[in-house]
A.B. asks: 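Let me begin by handing over the structure; questions about it come next.
In the text below, chain A, chain B and the rest are named by the order of the sequence lines, each starting its count at 1.
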Amino acid sequence: MKYPDTHDAAHREASSLLPWWVNGTLDDDEHAMMERHLAECPDCAREATQLRKMQDLIQSEPSNVPQAIALSRLQSRIQQAPTRRPNWWQHAMLSWRGASMWIRGALVLQTSLITCLLLLVLVRPHEVAPLYRTLSAAPAPAAPHAHITVIFNGAIPEQEVRALLLSLHASVVAGPTPEGAYVLALDPRQQDAALSRLRTQAHHAVVFAEPTPAPSPEDRMP
Amino acid sequence: MVQVKNNATLNAASCVDEAGLLLRVARQDWRAFEQLYRAYYPRITRFLDKMLRHGNLVDEILDDTMLVVWQRANTFNGQSRVSTWIFAIAYHKALKALEREGRHGGIDGAPDDVETSQALTDEHDLAGQPDAQLMALQSRQMVDHLLMQLPAEQRAVIELTYYHGCAYKEIAAIAGCPVDTVKTRMFHARRKLRLLIPKGAPF
């Protein structure tokens, strides 16, 4: 199989396009040119046959890695919070993801109703937050804190994230992970309202919001 | 033995579907992502398998690629096909991984390995009269072996052309290089393969 040694530019051009003649992706003009050339160039015609055999061989390989395992592996990675998750939580997350709109709507409605009732019974009105807060002046939530793991939509600007967190009276205590997960700490009495808010009103900004165990000290380190 | 079909003919309807799916993925629609994942898993796995030469990296780079699809779907601007966009991510991740592993091979290529190819031929006794299926298997192994001798960029051009049925313009878009570079890489790959194919090979 000798490479044709010729100064003919048309032949060189045709020869260089042979692979894409063989795989059928040349445009109409190129295709017509190749047909004409192959009719008069036995070397290229022979080479086209060889390349077609190679293509057949390359295409004839079976694929073997099971897909379902790979997908759930990626899903775990996307959902991974800074802390280690118990299995029931992962299950809850998958259920949420897999739930239809109706079920999600029902759950959110239920949570909202329960939250409203709880608020009516338990919560005293908050003092108006100061207009300007320094980090050292930030009021700490009443111990013990509740924690939520949040993943924000990557396209949302920081100021919107900041505004959201301030309105929830939540602080970031861990994260971000490479996948963009943060752990928020907030008043336990506010957790349900915060979750509800994150999942509904802010749903364009928030990909994921679930209650989470408190991060251990190591997990707070970036 | 499963015959994996050539993906050269993506009809217009499925192109539109994929762009729609990607838009939903940009809105963090997991179901849409699952569909896209299933559609691309066989092709991207195969592509990475050939690029990376060692199976243990394929899982990692596949995950890295599809993670970018999940996180950066909002950056897809519709200027190219969805397949071009996803393959480009996989291609560049694979090259980076090869660089990290120090197995890039470089543009000038790995040393010619005529001896090894001949040994492969002798071992499988292609000069004899093996049955057709065994012969095809051995030839496929040989092609695989030969392709692994090529530098990654040339190997990618061969795979994208013959397995994934890409036009040369599409390969240029995937690799982020000029069309002439794609043709040059194909030229070098064909020449090298010609040197490496031992006597008595069935093609």
A.B. asks: Can you name the nearest heavy-atom pair linking A:L71 to B:Y37, along with the distance?
C.D. replies: N-OH, 3.5 Å
A.B. asks: Drop me the distance from B:D63's CG to A:Q75's CD, to the nearest 0.5 angstrom.
C.D. replies: 12.0 Å
A.B. asks: So B:R27 and A:N153, do their side chains get closer than 4.5 Å, heavy atoms only?
C.D. replies: no
A.B. asks: Identify which part of B:V58 has an atom lying under 4.5 Å from any heavy atom of chain A, answering side chain, backbone, both or neither.
C.D. replies: neither
A.B. asks: Side chain, backbone, both or neither: which part of B:D180 has a non-hydrogen atom closer than 4.5 Å to chain A?
C.D. replies: neither
A.B. asks: Quick check: do B:K169 and A:D27 have side-chain heavy atoms less than 4.5 Å from each other?
C.D. replies: yes
A.B. asks: Relative to chain A, which segment of B:M186 carries a heavy atom at a distance below 4.5 Å: side chain, backbone, both, or neither?
C.D. replies: side chain
A.B. asks: Side chain, backbone, both or neither: which part of A:L51 has a heavy atom under 4.5 Å from chain B?
C.D. replies: both
A.B. asks: Check whether B:D49 gets within reach of chain A through its side chain, its backbone, both or neither, counting any heavy atom under 4.5 Å.
C.D. replies: neither
A.B. asks: Taking atom CD as the centre, does A:E158 end up with more than 12 heavy-atom neighbours from other residues, nucleotides or ligands that are less than 6.0 angstrom away?
C.D. replies: yes
A.B. asks: With side chain to side chain contact (heavy atoms under 4.5 Å, CB included) as the test, would you mind laying out the steps for A:E47 and B:R194 before giving the verdict?
C.D. replies: CA-CA 11 Å; A:E47 173 112 21; B:R194 234 176 260 116; 2.7 Å; yes
A.B. asks: Using a 6.0 Å cut-off, check whether atom CZ of B:R72 has over 12 heavy atoms from anything other than its own residue.
C.D. replies: no
A.B. asks: Between B:R38 and chain A, which part of the residue has a heavy atom less than 4.5 Å away: side chain, backbone, both or neither?
C.D. replies: both
A.B. asks: Counting N and O atoms only, with roles assigned by atom type, does the side chain of A:Q59 sit under 3.5 Å from a partner on the main chain of B:Y162, one being a donor and the other an acceptor?
C.D. replies: yes
A.B. asks: Do any N or O atoms from the side chain of A:N23 and from the backbone of B:T161 form a donor-acceptor pair under 3.5 angstrom?
C.D. replies: yes
A.B. asks: For residues B:K183 and A:P19, determine if any side-chain heavy atom of one lies less than 4.5 Å from a side-chain heavy atom of the other.
C.D. replies: no
A.B. asks: Got a second to check how far B:L160's CG is from A:T25's OG1, nearest 0.5 Å?
C.D. replies: 11.0 Å
A.B. asks: At a 4.5 Å cut-off on heavy atoms, which part of B:E170 comes close to chain A: side chain, backbone, both, or neither?
C.D. replies: neither
A.B. asks: Are there more than 12 heavy atoms of other residues, nucleotides or ligands under 6.0 Å from atom CG of B:N77?
C.D. replies: yes
A.B. asks: Using non-hydrogen atoms and a 4.5 Å limit, figure out which bit of B:N74 sits close to chain A: side chain, backbone, both or neither.
C.D. replies: side chain
A.B. asks: If you round to the nearest 0.5 Å, how far is OH of B:Y163 from CD of A:Q55?
C.D. replies: 12.0 Å
A.B. asks: May I ask you to test the B:I158-A:I58 pair for a side-chain heavy-atom distance under 4.5 Å?
C.D. replies: yes
A.B. asks: Enter the distance from A:R73:CZ to B:M66:CE here, rounded to the nearest 0.5 Å.
C.D. replies: 12.0 Å
A.B. asks: Examine distances only and state if a side-chain atom of B:R140 and a backbone atom of A:S60 form a donor-acceptor pair shorter than 3.5 Å.
C.D. replies: yes
A.B. asks: Any salt bridge between B:E60 and A:R77, counting N to O under 4.0 Å?
C.D. replies: no
A.B. asks: Any side-chain heavy-atom pair from A:V207 and B:W70 closer than 4.5 angstrom?
C.D. replies: yes
